[in-house]
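So the structure is just underneath, and the comments pick up after that.
Note that this is a predicted model, so its numbers are computed, not measured. Position 1 is the first residue of the sequence; numbering continues from there.
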Amino acid sequence: DIIIDSNKAFNVLEPEIQNVACSGGNTGAIKITAQNFDTTNGFQYSINGGTWKTSTVSPVTEGGLIAGTYTVDVRSDATGTCTKSFRKTIGSGTPVTVTASVTAPLTCTLKATITAVADGGTGPYKYELRGADGVAVLVAFQDLATFPNILKGSYTVVAQDINGCPSGASTVVVVDDPIPPTASLA
């Protein structure tokens with residue numbers, strides 16, 4: 001009989017996950033830490049039944065993953081003398097969304113103000129005022145959700161969360177000419 005001291009046996013710690021930073025992104029990762037393996041021949045691992053990869057160092061990180069559930073198989077050698085399996089879920093935040101509206105209309109004496117509200121992702125948010133096409137940047141990203149001193153025209157707003165994850169452009173916000181005063185003579 002061969003007896004291996006329990007602190008010298010091949011072991012794999014619970015894999016650590018890194019969630020996807022932006023919804024729909026591929027920045028997720030799984031970190032695999034093996035202990036007591038042959039550093040010359042390495043240990044092997046496979047993600048979701050894919051090709052076995054050999055690593056002679058630990059820990060090893062498998063990146064570029066999208067949100068989802070993954071099966072992580074780790075074995076001490078190519079023959080699978082000792083194998084461990086784990087099921088890990090990589091999460092993803094909710095998509096960043098933004099709405100915008102005119103909160104102070106254009107008047108004969110004052111310019112308009114557009115205010116934006118972001119949701120999803122991870123706050124705090126930054127806001128950028130763009131043209132109606134959603135592309136042309138008029139005011140670069142700022143911490144404030146309000147854009148004062150706006151002239152007549154059509155605008156959109158894009159929000160960005162603390163991870164740099166952007167929203168799509170808001171619906172078009174239209175700043176109209178001021179309504180002229182009316183007077184009646186009695």
Side-chain angles (χ1 to χ4, degrees), residues 13-33 45 47-48 50 59-72 86-186:
L13 302 180
E14 186 74 26
E16 296 175 34
I17 60 155
Q18 174 185 303
N19 289 327
V20 173
C22 297
S23 178
N26 66 341
T27 57
I30 298 175
K31 181 171 147 182
I32 301 165
T33 303
Y45 66 95
I47 307 289
N48 281 349
V60 62
T61 301
E62 188 74 18
L65 303 174
I66 62 172
T69 301
Y70 293 85
T71 301
V72 180
F86 303 90
R87 222 169 137 72
K88 302 302 288 183
T89 300
I90 293 177
S92 176
T94 57
V96 177
T97 59
V98 66
T99 57
S101 61
V102 176
T103 52
L106 187 62
T107 68
C108 294
T109 56
L110 299 172
K111 295 177 183 164
T113 298
I114 293 175
T115 301
V117 177
D119 195 22
T122 306
Y125 305 98
K126 290 184 180 288
Y127 301 87
E128 185 172 74
L129 184 67
R130 296 186 181 183
D133 63 1
V135 177
V137 175
L138 304 176
V139 177
F141 279 108
Q142 62 180 26
D143 293 332
L144 298 174
T146 57
F147 298 94
N149 301 315
I150 303 299
L151 299 173
K152 175 185 173 183
S154 298
Y155 304 90
T156 58
V157 175
V158 171
Q160 173 179 289
D161 76 357
I162 195 165
N163 296 315
C165 304
S167 69
S170 68
T171 57
V172 174
V173 177
V174 177
V175 175
D176 289 319
D177 279 326
I179 298 171
T182 57
S184 61
L185 298 173

So which atom in Ala67 and which in Ser92 form the shortest heavy-atom distance, rounded to 0.1 Å?
CB-CB, 3.6 Å
To the closest 0.5 Å, what do you measure between CG (Leu106) and CG (Asp176)?
9.0 Å
Polar contact flag, side-chain donor to acceptor under 3.5 angstrom, Glu62-Tyr45
yes
From CZ (Phe147) to OG1 (Thr103), nearest 0.5 Å
11.0 Å
To check you understand the geometry: which heavy-atom pair defines the closest contact between Tyr155 and Val175, and what is its length?
CE1-CG2, 4.0 Å
Please give me the minimum heavy-atom distance between Gln18 and Thr27, naming the atom from each residue.
NE2-O, 2.8 Å
Within a reach of under 6.0 Å around CG of Leu138, are more than 12 heavy atoms found that belong to other residues, nucleotides or ligands?
yes
Nearest 0.5 Å, what's the CD1-OG1 distance between Ile150 and Thr113?
7.5 Å
What closest approach, in Å, do Ala169 and Val158 show between heavy atoms, and which atom pair accounts for it?
CA-CG2, 3.8 Å
CG/Asp161 to CG/Asp119 distance, rounded to the nearest 0.5 angstrom?
11.0 Å
Rounded to the nearest 0.5 Å, what separation is found between the NZ atom of Lys31 and the OG1 atom of Thr61?
6.0 Å
Just checking, any donor-acceptor pair under 3.5 angstrom between side chains of Thr89 and Thr69?
yes
Here the pair of heavy atoms bringing Val172 nearest to Ser154 is CG1-CB, 3.7 Å
Are the side chain of Ser167 and the backbone N or O of Ala159 linked by a donor-acceptor pair below 3.5 Å?
yes
Is it the case that the side chain of Thr94 and the backbone of Gly121 share a donor-acceptor pair, with hydrogens and angles ignored and the cut-off at 3.5 Å?
yes
Suppose the criterion is side-chain hydrogen bond (donor to acceptor under 3.5 Å, both in side chains): which pairs have a residue in residues 124-142, not counting sequence neighbours?
Lys126-Asp143, Glu128-Arg130
Distance check, rounded to the nearest 0.5 Å: Leu65 atom CG versus Ile90 atom CD1?
4.5 Å
Of all heavy-atom pairs linking Pro15 and Ile30, the shortest is CB-CG2, 3.8 Å
Between the main-chain N or O of Val157 and the side-chain N or O of Ser170, is there a donor-acceptor pair closer than 3.5 Å?
yes
May I ask you to test the Ile47-Val72 pair for a side-chain heavy-atom distance under 4.5 Å?
yes
Pair listing, disulfide bond (SG atoms under 2.5 Å apart) test, anchored in residues 130-185, at least two apart
Cys22-Cys165
Checking Asn149 now: which residues fulfil side-chain hydrogen bond (donor to acceptor under 3.5 Å, both in side chains) with it, not counting sequence neighbours?
none
